[in-house]
Amino acid sequence: MSQPTLKIVEKVLGSKDELAKELAQLIERAAAEAIKDRGLFTIGLSGGSLIKFVCNEVPSITTDWSSWRLLLCDERMVPLTSPDSTLAAYIDGLVSATPLTQQQFLAVDTDKTAAEAATLYEQKIRELCGDSSASLPVLDLLLLGVGPDGHTASLFPGHPLLGEKTAWVAAITDSPKPPPSRVTLTLPVINSARCCVLALSGAEKADMIKRLRRERDSPVCADHLPASMVRPYNGELVWLLDAAAAAV
Ligand SMILES: O=C(O)[C@H](O)[C@@H](O)[C@H](O)[C@H](O)COP(=O)(O)O
């Protein structure tokens, strides 16, 4: 059976603020559709600059917050009290600014080893998706950043994790981006989502965008950057760029 053609949408926004507003509108639409169709909205969150984009604009959207379940596309194996904790940043930015409760966030057990936490997180996602026997979860919306080396979530160029085909969540203890120990969704789970958003901003990402565009437009390209391996099987791929990152 041939692979359905991937629907890729690329939007270039004038500034980081405009990118954040566009992202919030996309999230509002995705949440409305998911809640109407399934009574639940599952959204995956990444760290880095996405945190500010989400926390600055998402609190002002109109949605049924009680139907949201928020999980992490990747998380650092640090305590919630650490400034490196992605979950802590989102709880701090969203719980006080919306009706969301901390219990609606799917927390990683960062007090365990990364391998144990990965196994436990997969079980939590299975429970969330209500089908423990499912081969892959279909999450509604995954928000992904892209590092200057083309990594996304905690999937890094040339890392064996890029070849993981069965685990939903994997541990990495040699992350080139500190802190070194993390858990991450794997590519099969990322590509099973209904919609993946890659959000890139800043002039420092311009060169990477050029490489990703080359890979995107010619899949046979040898690079195989992790961010260009985000190609949802049956979902939508949205690139949101600010003008600085999209500068050719
Ligand atoms: O926890 C993390 O480190 C992130 O999940 C990571 O994948 C991030 O999204 C990229 O490194 C891009 O970060 P910036 O958008 O800040 O460049």
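The analysis underlying the following values was restricted to heavy atoms, covering all of them including side chains, and did not include hydrogens, waters or symmetry mates. Counting starts at 1 for both ligands and their atoms, following the listed order.
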List in chain and number order the residues that pass side chain to side chain contact (heavy atoms under 4.5 Å, CB included) with T110, two or more places apart in sequence or in another chain; answer none if no residue qualifies. E75, M77, V108
Would you give me the side-chain donor-acceptor pairs under 3.5 Å for residues 23-37, sequence neighbours excluded?
| from | atom 1 | to | atom 2 | distance (Å) |
| --- | --- | --- | --- | --- |
| E28 | OE2 | T62 | N | 2.6 |

Does atom CD of Q102 have more than 12 heavy-atom neighbours from other groups under 6.0 Å away? no
Between ligand 1 and the protein, find all N/O pairs closer than 3.5 Å and give the distance for each.
| from | atom 1 | to | atom 2 | distance (Å) |
| --- | --- | --- | --- | --- |
| ligand 1 | 1 (O) | D74 | OD2 | 3.4 |
| ligand 1 | 1 (O) | R76 | NE | 2.8 |
| ligand 1 | 1 (O) | R76 | NH2 | 3.3 |
| ligand 1 | 3 (O) | R76 | NH2 | 3.0 |
| ligand 1 | 3 (O) | K177 | NZ | 2.9 |
| ligand 1 | 3 (O) | R182 | NH1 | 3.3 |
| ligand 1 | 3 (O) | R182 | NH2 | 3.4 |
| ligand 1 | 5 (O) | G47 | N | 3.0 |
| ligand 1 | 5 (O) | D74 | OD1 | 2.7 |
| ligand 1 | 5 (O) | D74 | OD2 | 2.9 |
| ligand 1 | 7 (O) | A153 | N | 3.4 |
| ligand 1 | 7 (O) | A153 | O | 2.6 |
| ligand 1 | 9 (O) | G47 | O | 3.3 |
| ligand 1 | 11 (O) | H151 | NE2 | 2.6 |
| ligand 1 | 11 (O) | K177 | NZ | 2.8 |
| ligand 1 | 15 (O) | S49 | N | 3.3 |
| ligand 1 | 15 (O) | S49 | OG | 2.5 |
| ligand 1 | 16 (O) | S49 | N | 2.8 |
| ligand 1 | 17 (O) | K205 | NZ | 2.7 |

Count the heavy atoms of every other residue, nucleotide or ligand shown that sit under 6.0 Å from NZ of K210, and state whether that count exceeds 12. yes
With sequence neighbours excluded, what pairs up with F41 under the ring-ring contact (aromatic ring centres under 6.0 Å, His included) test? W68
Salt bridge flag under 4.0 Å for residues K205 and D242: no
